[in-house]
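Just below is one structure, and these are the notes that go with it.
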Amino acid sequence: KTVAFNRLDNDDARLAQLFANLDLAQTTLRSQSAANKVFLLEQIDSNATRLEAEANAARDWMKMTIDSENVSYVATQLDLDEWKAAMAVQRDSDFSQLNAQIDAVISKEDAFLAVRVERDWTAFNARLDAAVKSSNAALDEANSTASARHTVLVV
């Protein structure tokens, strides 16, 4: 009986360790996913800052061109408005592209995590089933031995 109980205790300890390992793996994967998202958001901010700097440089260039050529204010304003519209379209296009890339990376990461969690759970359940079968076999053996001893004692 003691051996069977010790085996059960050992199996329980193993199961607890497996659950702890699984929790640690899930926590690690979630933190990696969060870190990837933060990195991608930082990339977006960096690209937006770069685009703003380019827009500022382009505005400065446009102003120097206007001053040097003495172009009328109305014509210059129309050029600037067209450029701003083009930059807005470009910025929107860049943001759209970056959002699509981020969504693709996040979808890929989500799919990877789903596959990995499914694989880990399948492996864990297989180990759990094996441990339960082993424990049940040990318990059956202990019960059989105890029953045989009881029968011998009764006779």
Side-chain angles (χ1 to χ4, degrees), residues 3-142:
V3 171
F5 284 130
N6 285 341
R7 284 184 185 164
L8 286 174
D9 288 344
N10 288 342
D11 290 343
D12 285 346
R14 265 190 305 159
L15 286 175
Q17 181 61 43
L18 290 172
F19 275 119
N21 290 347
L22 183 59
D23 286 344
L24 178 62
Q26 287 176 331
T27 302
T28 302
L29 290 173
R30 285 189 182 115
S31 67
Q32 287 173 349
S33 179
N36 288 344
K37 185 174 183 179
V38 167
F39 171 76
L40 291 172
L41 290 174
E42 287 173 357
Q43 288 288 36
I44 289 172
D45 288 343
S46 171
N47 289 340
T49 302
R50 179 185 52 79
L51 287 173
E52 189 64 32
E54 288 175 5
N56 289 337
R59 272 190 220 104
D60 292 344
W61 175 82
M62 185 66 81
K63 187 176 183 317
M64 287 179 9
T65 302
I66 291 168
D67 290 342
S68 68
E69 295 178 2
N70 292 321
V71 177
S72 72
Y73 176 76
V74 173
T76 302
Q77 190 62 44
L78 290 174
D79 288 345
L80 185 58
D81 289 345
E82 286 178 17
W83 178 81
K84 283 181 181 178
M87 287 304 291
V89 167
Q90 181 64 42
R91 182 194 64 223
D92 292 345
S93 172
D94 288 349
F95 276 125
S96 256
Q97 183 180 11
L98 288 172
N99 284 333
Q101 289 172 352
I102 288 171
D103 289 344
V105 168
I106 288 172
S107 293
K108 182 179 177 184
E109 189 68 22
D110 284 346
F112 171 76
L113 288 175
V115 167
R116 185 156 181 192
V117 166
E118 178 64 28
R119 183 195 68 210
D120 290 350
W121 272 109
T122 301
F124 172 76
N125 285 329
R127 288 193 305 262
L128 181 62
D129 288 343
V132 166
K133 286 178 185 175
S134 174
S135 293
N136 287 341
L139 188 58
D140 288 346
E141 183 181 325

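- The side chain to side chain donor-acceptor pair (under 3.5 Å) contacts involving residues 28-37 comprise nothing, where partners must be two or more places apart or lie in separate chains.
- At a threshold of 4.5 Å between non-hydrogen side-chain atoms, the residues I106 and E109 do not count as touching.
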Under 3.5 Å donor-acceptor pairs involving side-chain atoms of residues 40-51, not counting sequence neighbours:
residue: N47; atom: ND2; partner: Q43; partner atom: O; Å: 3.4
residue: T49; atom: OG1; partner: D45; partner atom: O; Å: 2.9
residue: R50; atom: NH1; partner: E54; partner atom: OE2; Å: 2.9

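- Distance CD/Q101 to CG/L98: 5.5 Å, rounded to 0.5 Å.
- No donor-acceptor contact under 3.5 angstrom links the side chains of N10 and R7, judged on distance only.
- Not one N or O on the side chain of S93 forms a donor-acceptor pair closer than 3.5 Å with the backbone of V89.
- Taking the side chain as every heavy atom from C-beta outward, L113 and R116 never approach each other to under 4.5 Å.
- In this structure, the separation between NZ on K84 and CG on D81 is 6.0 Å, given to the nearest 0.5 Å.
- Counting all heavy atoms, side chain and backbone alike, V117 lies closest to Q26 at CG1-NE2, 4.2 Å.
- A distance of 14.5 Å separates CE in M87 from CD in E82, rounded to the nearest 0.5 Å.
- Separation of atoms CG (L15) and CG (L8) is listed at 10.5 Å; rounding is to 0.5 Å.
- Applying the side chain to side chain donor-acceptor pair (under 3.5 Å) definition to pairs two or more places apart or across chains, those involving residues 123-137 are D11-S135.
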Can you list the steps and then say if L22 with W121 is a side-chain contact (heavy atoms from CB on, under 4.5 Å)?
CA-CA 8 Å; L22 183 59; W121 272 109; 3.4 Å; yes

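- Rounded to the nearest 0.5 angstrom, N56 CG and W61 CH2 are separated by 15.5 Å.
- When all heavy atoms are compared, the tightest approach of A58 to W83 is CB-CZ2, 2.7 Å.
- A distance of 9.5 Å separates CZ in F95 from CD1 in I102, rounded to the nearest 0.5 Å.
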